[in-house]
Colleague: 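Below are the structure tokens for one structure; questions will follow.
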Amino acid sequence: MDGVCKSNNRSLDLCFDSAQDTAPPICEALAPLVKLTVHHPPLLLTIDAKSPLEFVISPIAVSYDFHKADHRSITEELSGLDWGGILDTEDMEVAAQTLSNVLAYVIDRHVPKKLHRNTSRRPWETSELRMLKSGTRAALRKFTRHRTLLLRNYYVRINYEYKRIAKQCFLRYQRGMQRKLKSRPKQFWKLVNEQRHESGLPSSMMFNGDVASSPQDICNLFADKFASVFTDEQLNDNNVALAASTVPHFGQSLSSVDIDENMIARASVKLKTSHNPGPDGIPSVFVKAQIINLLPQLLHVFRLSVTTGLFPSTWKLAHMFPLFEIVILDPLFDHSTEQHGFLPGRSTASNLLCLTSYIFETMGKRV
């Protein structure tokens with residue numbers, strides 16, 4: 001109980017504090033922030049804060065809106081750069097990292113950003129339904145305070161109307177989604193993941209007591225797992241030469257692939273159009289739209305990679321550069337007549353068919 005006397009010299013206000021053993025000091029506020037009343041003057045309490053206060057801020061995600069990208073300004077800036085002096089002529093890693101940094105800088109300047117607020121709004125809710133929902137909650141709060149028959153009847157009536165409209169909206173959304181899935185069946189798993197409120201992939205993984213939640217840390221855990229079951233056998237040059245002698249040679253190797261700008265342009269056409277960027281922040285739609293301005297730069301980095309036999313480490317975390325894989329693998333696959341894995345139209349069945357034919361031909365020659 002506070003010790004501040006009211007106008008009638010009585011102390012009636014109670015102050016409860018569960019965080020301290022003794023009551024905090026209470027006095028009459030000299031600069032009140034509330035309206036003054038005769039019987040209840042404003043009070044000032046002094047409480048020792050043992051830990052700093054934490055304010056919960058609604059999470060807001062920021063991303064680039066590539067639908068509204070200013071491609072004209074992007075083209076002007078990319079074509080006006082002195083790429084000969086920017087990209088390293090010998091170090092492939094430096095050249096690839098510089099190219100990614102320049103593209104990220106251009107994107108940040110000419111692609112607007114958009115905010116994504118995490119809301120619990122259901123996809124079938126309309127503005128009318130949200131207004132009814134707010135009105136239902138307000139009616140319930142009012143009825144809880146006053147408990148009159150008139151307020152109860154009003155709450156029952158508006159709650160019934162809200163449920164009726166909500167059912168209509170949900171059935172309309174359900175019928176529309178069924179028609180959409182019938183014409184676009186690939187959207188099925190997207191709908192399932194939205195209902196489950198997850199992407200389908202685990203948000204965290206554990207290995208040997210280590211927990212990883214970021215994509216890079218999860219990849220490192222996979223690398224540790226693969227390394228733990230890998231047998232590092234020491235082979236001499238004779239064993240390697242013997243194993244290589246049994247591999248058919250088709251006259252095509254990585255070092256013999258001659259990359260040109262036409263190959264990169266054709267590979268860009270095969271990229272799936274997507275506005276969602278990867279870890280590098282560069283989506284495929286940006287590459288497809290600016291491929292004419294990026295051909296010399298990509299050709300320079302690709303040739304350095306083929307010459308050195310190394311893949312840029314900065315692109316190992318990127319989603320943008322399956323373009324490099326298409327450029328390199330297409331000419332190799334064209335000459336890989338005996339390969340059956342990872343090729344369109346090939347499978348274990350075609351591999352077994354070739355093996356069976358080879359066995360019969362060999363047996364026929366020996367008879």
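Because only heavy atoms are used, hydrogens play no part in the values below, and waters and symmetry mates are left out as well, while side chains stay in.
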Colleague: Drop me the distance from Asn153's CG to Arg157's CZ, to the nearest 0.5 angstrom.
Modeller: 7.5 Å
Colleague: Just wondering, more than 12 heavy atoms not from Phe222 lying within 6.0 Å of its CZ?
Modeller: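 For Phe222, atom CZ is not crowded (no more than 12 foreign heavy atoms under 6.0 Å).
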Colleague: Side-chain heavy atoms under 4.5 angstrom apart, residues restricted to Ile, Leu, Val, Met, Phe, Trp, Tyr: same cluster for Leu81 and Ile292?
Modeller: yes
Colleague: Set out, in order, the CA-CA distance, both residues' side-chain angles and the distance that settles side-chain contact (heavy atoms from CB on, under 4.5 Å) for Leu78 and Gln290, then state yes or no.
Modeller: CA-CA 9 Å; Leu78 290 178; Gln290 299 295 329; 3.9 Å; yes
Colleague: Within a strict 4.5 Å, meaning less than it, do heavy atoms of the Leu298 and Leu99 side chains meet?
Modeller: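 Counting from C-beta outward, Leu298 and Leu99 do come under 4.5 Å.
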Colleague: Could you tell me whether the side chain of Tyr64 reaches within less than 4.5 Å of the side chain of Lys114, counting heavy atoms only?
Modeller: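 With C-beta onward as the side chain, the pair stays apart.
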Colleague: Applying the 4.5 Å side-chain criterion to the ILVMFWY set and letting contacts propagate, would Val269 and Val285 be lumped into a single cluster?
Modeller: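 Hydrophobic grouping puts Val269 apart from Val285.
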Colleague: Measuring from atom OH of Tyr154 to atom OG1 of Thr148, what distance do you get when rounded to the nearest 0.5 angstrom?
Modeller: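 Those atoms lie 12.5 Å apart.
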Colleague: Using a cut-off of 6.0 Å, state whether more than 12 heavy atoms not belonging to Arg137 lie near its atom CZ.
Modeller: no
Colleague: Ring-plane angle category for Trp124 and Tyr173, please: parallel below 30°, perpendicular beyond 60°, tilted otherwise.
Modeller: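 Tilted.
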Colleague: Looking at every non-hydrogen atom in both residues, tell me the closest pair between Phe311 and Met92 and how far apart they are.
Modeller: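 Shortest heavy-atom separation between Phe311 and Met92 comes out as C-CE, 4.2 Å.
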Colleague: I'd like to know whether CD of Glu90 has more than 12 heavy-atom contacts from other residues, nucleotides or ligands below 6.0 angstrom.
Modeller: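 Atom CD in Glu90 is not crowded, with 12 or fewer foreign heavy atoms closer than 6.0 Å.
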Colleague: Are Ile264 and Trp83 connected, step by step, through hydrophobic side chains (Ile, Leu, Val, Met, Phe, Trp, Tyr) whose heavy atoms are closer than 4.5 Å?
Modeller: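 In one cluster with Ile264: Trp83, yes.
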Colleague: Evaluate the side-chain contact (heavy atoms from CB on, under 4.5 Å) criterion for residues Val111 and Ile74: first the C-alpha distance (whole Å), next the side-chain angles of each, then the deciding distance (0.1 Å), finally the verdict.
Modeller: CA-CA 9 Å; Val111 179; Ile74 295 175; 4.2 Å; yes
Colleague: Rounded at 0.5 Å granularity, tell me how far OG1 in Thr136 sits from CE in Met131.
Modeller: 11.5 Å
Colleague: Grouping I, L, V, M, F, W and Y whenever their side-chain heavy atoms are under 4.5 Å apart, do Leu103 and Val106 come out in a common cluster?
Modeller: yes
Colleague: Does the side chain of Arg130 reach to within under 4.5 Å of the side chain of Ser127, using non-hydrogen atoms?
Modeller: yes
Colleague: Show the numbers, then the answer: is there a side-chain contact (heavy atoms from CB on, under 4.5 Å) between Lys225 and Asn208?
Modeller: CA-CA 9 Å; Lys225 173 61 178 178; Asn208 287 341; over 6 Å; no
Colleague: Do Ser284 side-chain atoms and Lys272 backbone N/O form a donor-acceptor pair below 3.5 Å?
Modeller: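 Looks like yes, one N/O pair under 3.5 Å.
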Colleague: Are Val306 and Phe302 joined in one hydrophobic group, where the rule is that I, L, V, M, F, W and Y side chains link up if heavy atoms are under 4.5 Å apart?
Modeller: yes
Colleague: Search all heavy atoms of His110 against all heavy atoms of Ser73 and return the closest pair with its distance.
Modeller: ND1-CB, 3.4 Å
Colleague: Could you tell me whether a side-chain N or O of Ser100 sits under 3.5 Å from a main-chain N or O of Gln97, the two making a donor and an acceptor?
Modeller: no
Colleague: To the closest 0.5 Å, what do you measure between OG (Ser305) and NE2 (His300)?
Modeller: 11.5 Å
Colleague: Working to the nearest 0.5 angstrom, can you tell me the gap between Leu299 CG and Leu294 CG?
Modeller: 12.0 Å
Colleague: Measuring from Arg172:CZ to Lys167:NZ, what's the distance to the nearest 0.5 Å?
Modeller: 13.5 Å
Colleague: Please determine whether a side-chain nitrogen of the Lys or Arg among Arg109 and Asp70 lies less than 4.0 Å from a carboxylate oxygen of the Asp or Glu.
Modeller: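 Here Arg109 does not pair with Asp70 in a salt bridge, since their nearest N and O are not under 4.0 Å apart.
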Colleague: Is the shortest heavy-atom distance from the side chain of Asp88 to the side chain of Thr98 under 4.5 Å?
Modeller: no
Colleague: Please test Asp217 against Ser214 for side chain to side chain donor-acceptor pair (under 3.5 Å), starting from the C-alpha separation and ending with a verdict.
Modeller: CA-CA 5 Å; Asp217 294 338; Ser214 65; 2.8 Å; yes
Colleague: Side chains of Val211 and Met205: does their closest heavy-atom pair fall under 4.5 Å?
Modeller: no
Colleague: With a 4.5 Å heavy-atom cut-off, do Arg266 and Met263 have their side chains touching?
Modeller: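 Arg266 vs Met263: side chains touch.
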Colleague: On a heavy-atom basis, which atom in Leu295 and which in Ala265 lie closest, and how many Å separate them?
Modeller: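 So the minimum-distance heavy-atom pair works out to CD2-N, 3.9 Å.
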Colleague: Report the C-alpha distance between Glu125 and Cys169 in whole Å, list the side-chain angles of each, state the deciding distance to 0.1 Å, and finish with yes or no for side-chain contact (heavy atoms from CB on, under 4.5 Å).
Modeller: CA-CA 7 Å; Glu125 288 185 348; Cys169 293; over 6 Å; no
Colleague: Any donor and acceptor pair, going by atom type alone, linking the side chain of Lys113 with main-chain N or O of Asp65 inside 3.5 Å?
Modeller: no
Colleague: Closer than 3.5 angstrom, by distance alone: can the side chain of Lys133 be matched with the main-chain N or O of Tyr162 as a donor-acceptor pair?
Modeller: no
Colleague: I'd like to know if the side chain of Glu93 and the backbone of Ser313 have a donor-acceptor N/O pair within less than 3.5 Å.
Modeller: yes
Colleague: Is there a side-chain contact between Pro283 and Ser274, using heavy atoms and a 4.5 Å cut-off?
Modeller: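 No; the side chains remain at least 4.5 Å from each other.
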Colleague: Considering all heavy atoms of both residues, which atom of Leu87 and which atom of Ala95 are nearest to each other, and what is their separation?
Modeller: CD2-O, 3.6 Å
Colleague: Please find the pair of heavy atoms, one from Gly135 and one from Ile158, that lie closest to each other, and give the distance.
Modeller: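 Gly135 and Ile158 have their closest heavy atoms at C-CD1, 3.6 Å.
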Colleague: With a 4.5 Å heavy-atom cut-off, do Asn220 and Asp210 have their side chains touching?
Modeller: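 No, every pair of side-chain atoms sits at 4.5 Å or beyond.
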Colleague: A cation-pi test, strictly: NZ or CZ of Arg147 under 6.0 Å from the centre of the six-membered ring of Phe143 and no more than 45 degrees from its axis. Yes or no?
Modeller: yes
Colleague: When the ring planes of Phe286 and Phe66 are compared, do they come out parallel, tilted or perpendicular, using 30° and 60° as the limits?
Modeller: perpendicular
